[in-house]
There are 2 protein chains.
Amino acid sequence: MTGLASSIERRNGVSLWRQIADRILQGIASGDFAENAALPPEVALAERYGVNRHTVRSAIAALVQEGVLRAEQGRGTFVLSRKRLSYPIGARTRFSTGLQGQTSERHIALLSSSTEPAGRRIAEALGIAKGAAVIRLETRGEADGHAVSRATTWFDAKRFAGIEAAMAETGSITASLKRFGINDYLRHSTVLSARHADADDLAALDLQPGAIVLVTVAVNVTLDGEPIQFAESRFPAERVELKLSAGD
Amino acid sequence: MTGLASSIERRNGVSLWRQIADRILQGIASGDFAENAALPPEVALAERYGVNRHTVRSAIAALVQEGVLRAEQGRGTFVLSRKRLSYPIGARTRFSTGLQGQTSERHIALLSSSTEPAGRRIAEALGIAKGAAVIRLETRGEADGHAVSRATTWFDAKRFAGIEAAMAETGSITASLKRFGINDYLRHSTVLSARHADADDLAALDLQPGAIVLVTVAVNVTLDGEPIQFAESRFPAERVELKLSAGD
DNA sequence: GAAATTTGTCTATTGATATAGACAACTATA
DNA sequence: TATAGTTGTCTATATCAATAGACAAATTTC
């Protein structure tokens with residue numbers, strides 16, 4: 001994020017226009033390109049990145065379609081104000097309260113739910129037998145009408161029968177767990193990684209293909225240490241950053 | 001990470017062979033493809049991902065060059081054992097101790113150092129005046145001879161004059177800070193993001209172009225809360241995951 | 001030894017990516 | 001109004017990416 005000099009790589013599997021679109025996004029995030037101001041003209045950008053003007057235009061076209069830039073013939077190309085959400089992550093992470101102050105409206109939409117046998121990883125995380133029934137929820141986190149996260153969560157089907165209905169109704173994990181007598185819970189562990197978004201995430205998060213997602217894999221436990229939830233969440237790296245606070 | 005069904009996207013700016021290489025890496029990390037065992041044959045992979053066999057071959061060729069796979073004519077393609085390092089991150093994150101047990105040898109190599117005026121962000125983080133002199137260190141974290149991180153760190157030049165020499169000698173931030181009377185420090189805040197690796201990171205981390213890096217921006221403080229270090233670290237997403245432990 | 005399986009190499013074709021140049025359309029400013 | 005600066009459109013060309021098919025080379029299995 002710190003405007004270090006770096007150039008563009010060719011024949012990598014990643015097209016130049018996408019690399020340049022990434023760089024422009026970084027530039028906006030790092031303050032190199034101010035919001036609500038004009039981007040340098042296309043010829044200047046082309047020279048700066050060492051590519052043809054048409055290649056820069058492809059990158060800009062992608063970002064215009066993505067809603068990050070607005071191009072006006074004769075005037076210039078402008079940076080729309082769309083701040084990166086800062087998503088706090090720690091022992092007491094909650095979707096809704098975490099984004100307080102940054103957005104006016106947020107909730108979790110239930111995309112689908114199913115019951116399936118637990119795989120090895122999920123069984124271990126939840127402390128149940130491999131093959132035991134688990135409920136799988138596919139959800140999307142929304143803030144001010146924008147998709148900011150996409151998650152897959154698993155619950156022990158025996159312990160949390162019907163939680164999908166509670167989720168659909170309340171739009172909140174915390175509220176749904178209350179119906180099962182859980183008034184508080186902690187994040188036990190979180191593992192972080194990153195990858196290219198797959199087709200499912202692209203559609204659900206309204207991303208351009210090739211976008212990067214931050215991935216968190218987390219286990220939530222009760223205050224007694226009983227595991228209740230296993231979740232994999234994906235965040236669009238271009239719109240969200242994760243913030244760890246000390247002592248959390 | 002959780003073997004969810006997902007397909008490949010076309011005309012995205014990211015070539016199919018790179019997307020498939022990413023998927024194979026994920027498959028190895030998630031256990032879909034066992035280490036030291038044979039990958040499914042090329043025709044099977046082509047069918048699974050819905051692409052031509054030659055496209056799969058391009059992906060495999062990239063991973064072979066990257067040292068992840070080994071192809072043997074007539075026998076098959078094998079997964080070399082190269083586990084993803086799990087890098088713990090929390091209030092007491094230390095490079096060396098964090099990787100204890102996962103690697104036998106680790107240290108930080110000093111690539112270069114310079115003195116420069118502090119920018120706005122760095123000045124704010126370190127609590128000094130904008131434009132005041134700061135020492136910038138470019139370092140590479142190495143474990144068992146493999147590059148696992150690439151960092152840029154800034155120190156107040158007045159307070160830590162000569163720290164570059166200490167770093168070059170000791171290969172450790174913790175040891176270097178001890179020479180300045182700092183026996184303990186905490187990670188005050190960490191912000192996480194992800195992006196495509198730039199040319200500098202590609203070279204320093206020995207990555208294939210197009211690779212993704214996890215980025216952490218952190219401020220370290222003394223036990224009194226005095227900020228001492230501002231750092232941006234990059235981790236290759238294909239080789240490292242970040243692990244947050246509760247109560248850290 | 002023969003057959004089946006698997007990776008390696010070659011040719012050919014199509015569409016996407018990137019470069020190059022020229023000019024039109026629009027805006028702001030002298 | 002004229003001029004300079006900027007985005008938009010068009011044509012052309014070369015290279016990369018992806019598909020398709022055929023066959024060679026090496027290994028394992030029967």
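In the text below, chain A, chain B and the rest are named by the order of the sequence lines, each starting its count at 1. Please read all numbers here as calculations on a predicted model, not as lab measurements.
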Trainee: Evaluate the side-chain proximity of B:Lys130 to B:Ile122: yes if any heavy-atom separation is below 4.5 Å, no if none is.
Mentor: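 SC-SC contact between B:Ile122 and B:Lys130 ruled out.
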Trainee: Quick one: pull up OG1 in B:Thr77 and CZ in B:Phe33 and give me the separation to the nearest 0.5 Å.
Mentor: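 Rounded to the nearest 0.5 Å, the OG1-CZ separation comes to 11.0 Å.
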Trainee: C:dT7, C:dT19, D:dT19: which one has an atom nearest the side-chain heavy atoms of A:Thr55?
Mentor: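 Among C:dT7, C:dT19, D:dT19, the one nearest the side chain of A:Thr55 is C:dT19.
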Trainee: Would you mind reading off the distance between B:Arg70 atom CZ and C:dG8 atom P, rounded to a whole angstrom?
Mentor: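 Atom-to-atom, B:Arg70 to C:dG8, this comes out as 12 Å.
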Trainee: In whole Å, I'd like the distance from the CG atom of B:Leu39 to the P atom of C:dT7.
Mentor: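 The answer, rounded to whole Å, is 8 Å.
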Trainee: Quickly work out the A:Tyr49 OH to C:dT19 C1' distance and round it to whole Å.
Mentor: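 One finds 19 Å between C1' of C:dT19 and OH of A:Tyr49, rounded.
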Trainee: Calculate the interatomic distance between A:Leu45 atom CG and D:dG5 atom C1'; express it in whole Å.
Mentor: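 Value for this atom pair: 15 Å.
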Trainee: List for me each residue that meets side chain to side chain contact (heavy atoms under 4.5 Å, CB included) alongside B:Ala61, sequence neighbours excluded, and say none if there are none.
Mentor: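 Scan of B:Ala61 (side chain to side chain contact (heavy atoms under 4.5 Å, CB included), adjacent residues dropped) gives none.
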Trainee: Can you measure A:Glu42 atom CD to D:dA4 atom P for me and round it to whole angstrom units?
Mentor: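 Value for this atom pair: 20 Å.
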Trainee: Nearest whole Å is fine: how far is D:dT28 C1' from B:Glu72 CD?
Mentor: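 Computing the B:Glu72:CD to D:dT28:C1' distance gives 13 Å.
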Trainee: Mind checking side chain to side chain contact (heavy atoms under 4.5 Å, CB included) for A:Ala168 and listing every partner two or more places apart, or none if nothing turns up?
Mentor: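 So A:Ala168 forms a side chain to side chain contact (heavy atoms under 4.5 Å, CB included) with A:Leu110.
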Trainee: Quick one: side-chain hydrogen bond (donor to acceptor under 3.5 Å, both in side chains) partners of A:Glu116, sequence neighbours excluded?
Mentor: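 A:Glu116 satisfies side-chain hydrogen bond (donor to acceptor under 3.5 Å, both in side chains) with A:Arg136, A:Trp154 only.
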Trainee: Kindly calculate the angle separating the two end axes of the helix from C:dG1-D:dC30 to C:dA30-D:dT1, each obtained from five base pairs, and round it to 10 degrees.
Mentor: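 Comparing the first five pairs with the last five, the axes sit 20° apart.
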Trainee: Rounded to whole angstroms, how far apart are CD1 on A:Ile20 and C1' on C:dT17?
Mentor: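 That distance rounds to 12 Å.
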Trainee: Does a nitrogen or oxygen in the side chain of A:Asn52 sit under 4.0 Å from OP1 or OP2 of C:dA18?
Mentor: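 Result: no.
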Trainee: Could you pull out all residues at least two apart from A:Pro41 that satisfy side chain to side chain contact (heavy atoms under 4.5 Å, CB included)?
Mentor: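 With neighbours one apart ignored, the set is A:Val43, A:Ala44.
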Trainee: For a quick check, with a 4.0 angstrom heavy-atom cut-off, what is the B/S/- contact string for nucleotides 21-30 of chain C, read 5' to 3'?
Mentor: BB--BBSS--
Trainee: Flag the pair A:Arg23 / B:Arg195 as yes when at least one side-chain heavy-atom distance between them is below 4.5 Å, and no otherwise.
Mentor: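 They are not in contact (no side-chain heavy atoms under 4.5 Å apart), so the answer is no.
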Trainee: Of all residues at least two apart in sequence or in a different chain, which pass the side-chain hydrogen bond (donor to acceptor under 3.5 Å, both in side chains) check with A:Arg75?
Mentor: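 Here the qualifying residues are A:Glu72.
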Trainee: Scan A:Thr77 against the nucleic acid and name what it touches under 4.0 Å (heavy atoms): base, sugar-phosphate only, or nothing.
Mentor: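 It contacts sugar-phosphate atoms only.
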Trainee: Taking only residues two or more places apart in sequence, or in another chain, which ones meet B:Ser113 in a side chain to side chain contact (heavy atoms under 4.5 Å, CB included)?
Mentor: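 With neighbours one apart ignored, the set is B:Leu137, B:Glu164.
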Trainee: Check the distance between D:dA17's P and A:Arg18's CZ and give it to me in whole angstrom.
Mentor: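 My rounded result for the distance is 16 Å.
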